[in-house]
2 protein chains.
Amino acid sequence: MKFGEHIKQLREQNHLLQRQLANALDMDTAMLSKIERGERRAKKEHIPLLASLLHANERELFTIWLADQIYEIIKEESNPSEILQVVEKEIKIAKPYNL
Amino acid sequence: MKFGEHIKQLREQNHLLQRQLANALDMDTAMLSKIERGERRAKKEHIPLLASLLHANERELFTIWLADQIYEIIKEESNPSEILQVVEKEIKIAKPYNL
DNA sequence: TATTGACTTGTCAAATTTTGTCTAATATAT
DNA sequence: ATATATTAGACAAAATTTGACAAGTCAATA
């Protein structure tokens, strides 16, 4: 689930309108609408508040937020999994003993 | 292997100086130096020429170039593999029959 | 030690991208 | 028609990236 869709789903589960959530996040509804549709990216600083307001796990939300950014990079590529494998390999080199 | 290190290694294997490669890429050596050390990112358009000049596989080089960008996003995170897994899952949703 | 060559570092403005806001447009229900 | 919710488009401000330059380090060697 992409970040924006996830936010939208949580927002609806919590019976909040874009107007209400946007207000709590100090942005206008146009902005939140764009975030939900993936047209714009939420700021990192928004995540704790989003998690709190939407009764979601902050760490999980942050993970999805990061994953979404990565997805944006490779979604058009023909070999996305191969690319991710190269990244995984690099991680293992950098953290050889899983410290 | 990070993109810059990879380029440097290939450059040395091909007995080229930064000056020479930089010139062929129409940039100054300072720029190439930064690219090799990962301080700056090569442009996508540079990759075909790099592959050609360094006798490397263009597609592979491009994969490493993309992987490097992703690595930059998650390298500081405590759960990089988990994040990549979320991305992998999203890919499978988008391309369910491996088209 | 002075010079040369290879590479690195720091700084800066220009160029590009991202961001937030505003206004207007849709859509749906009353 | 009116009201409410959401989306779309346009725009400047803000932030980031980029490329270029000058000056720096370092090693080899004359």
Side-chain angles (χ1 to χ4, degrees), chain A residues 1-51 53-54 56 61-62 64-77, chain B residues 1-50 53-56 61-62 64-77:
Chain A
M1 172 92 58
K2 299 190 190 70
F3 182 79
E5 294 172 14
H6 194 64
I7 292 299
K8 178 170 185 176
Q9 198 175 64
L10 288 170
R11 177 174 63 78
E12 289 171 344
Q13 279 170 16
N14 284 274
H15 309 293
L16 290 172
L17 298 173
Q18 280 188 350
R19 169 169 58 79
Q20 299 172 305
L21 182 55
N23 183 59
L25 292 166
D26 193 31
M27 61 175 67
D28 71 356
T29 64
M31 194 64 194
L32 180 55
S33 169
K34 284 166 191 172
I35 289 170
E36 286 188 351
R37 285 172 296 110
E39 189 183 319
R40 294 290 175 89
R41 182 180 296 174
K43 299 181 83 164
K44 188 175 182 174
E45 302 82 68
H46 282 140
I47 293 180
L49 193 49
L50 277 169
L53 292 164
L54 301 176
L61 206 52
F62 182 57
I64 294 170
W65 180 78
L66 282 172
D68 206 28
Q69 295 179 37
I70 293 171
Y71 181 73
E72 285 302 308
I73 293 177
I74 56 174
K75 66 179 178 189
E76 307 292 356
E77 302 305 325
Chain B
M1 173 89 60
K2 299 191 191 67
F3 182 80
E5 294 171 14
H6 193 65
I7 292 298
K8 178 171 185 177
Q9 198 175 63
L10 288 170
R11 176 174 64 80
E12 289 172 345
Q13 279 170 15
N14 284 273
H15 309 293
L16 291 173
L17 298 173
Q18 279 188 351
R19 169 168 56 79
Q20 299 172 305
L21 183 54
N23 183 59
L25 292 165
D26 193 31
M27 60 175 68
D28 71 357
T29 65
M31 195 65 194
L32 180 55
S33 170
K34 284 167 189 173
I35 289 170
E36 286 188 350
R37 286 172 297 108
E39 189 183 319
R40 294 291 176 90
R41 182 180 294 173
K43 299 180 84 163
K44 188 175 182 176
E45 301 83 68
H46 282 139
I47 294 180
L49 193 49
L50 277 169
L53 292 164
L54 301 176
H55 305 93
L61 206 52
F62 181 58
I64 294 171
W65 180 78
L66 282 173
D68 205 27
Q69 296 180 36
I70 293 171
Y71 181 73
E72 285 302 308
I73 292 177
I74 57 174
K75 67 178 179 191
E76 306 292 356
E77 302 304 325

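Note on naming: letters A, B, ... go to the chains in the order of the sequence lines (proteins, then strands), and numbering restarts at 1 for each one. On a predicted model such as this, the values are computed, not experimentally measured, just so you know.
- If you take CZ of B:Arg37 and C1' of C:dA6, they are 13 Å apart, rounded to a whole angstrom.
- Look at CG on B:Asp26: it is 12 Å from C1' on D:dA20, rounded to the nearest Å.
- Salt-bridge annotation for A:Arg41 and A:Glu72: absent, with no side-chain N of the basic residue lying under 4.0 Å from a carboxylate O of the acidic one.
- Residue B:Glu36 contributes atom CD, which lies 14 Å from atom P of C:dA6 at whole-angstrom precision.
- Contact of the B:Leu21 side chain with the B:Leu53 side chain is registered, since non-hydrogen atoms from C-beta on lie closer than 4.5 Å.
- The residue B:Arg19 sits close only to the backbone: its heavy atoms come under 4.0 Å of sugar-phosphate atoms, none of a base.
- Checking each of B:Lys8, B:Arg11, B:Lys2 against B:Glu36 for a salt bridge (charged side-chain N to carboxylate O under 4.0 Å, His left out) leaves exactly one that passes, namely B:Arg11.
- Comparing atom distances between the A:Lys34 side chain and each of C:dC22, C:dC12, D:dT6 picks out C:dC22 as nearest.
- Distances shown here put every side-chain N or O of A:Gln18 at or beyond 4.0 Å from the OP1 or OP2 atom of D:dT4.
- One interatomic measurement links the two molecules: CE of A:Met31 to C1' of D:dG9, which rounds to 14 Å at whole-angstrom precision.
- Under the side-chain contact (heavy atoms from CB on, under 4.5 Å) test applied with B:Leu50, the options B:Phe62, B:Trp65, B:Phe3 reduce to a single match, B:Phe3.
- Rounded to whole Å, the distance from NE2 on A:His46 to P on C:dT19 is 11 Å.
- The phosphate of C:dG20 has neither OP1 nor OP2 within less than 4.0 Å of any side-chain N or O from A:Arg41.
- The phosphate of D:dT6 has neither OP1 nor OP2 within less than 4.0 Å of any side-chain N or O from A:Ser33.
- Here the options are B:Ile64, B:Asp68, B:Leu54, the test is side-chain contact (heavy atoms from CB on, under 4.5 Å), and the partner is B:His6; only B:Ile64 passes.
- Following rounding to the nearest Å, A:Glu39 (CD) and C:dT17 (P) show an atom-to-atom distance of 17 Å.
- Looking at which nucleotide of DNA chain C each of B:Arg40 and A:Asp28 is closest to, the 5′-most match is held by B:Arg40.
- The distance between atom CG of A:Asn23 and atom C1' of C:dT21, rounded to the nearest whole Å, is 15 Å.
- In this entry the distance linking CD of A:Glu5 with P of D:dT7 reads 12 Å, nearest Å.
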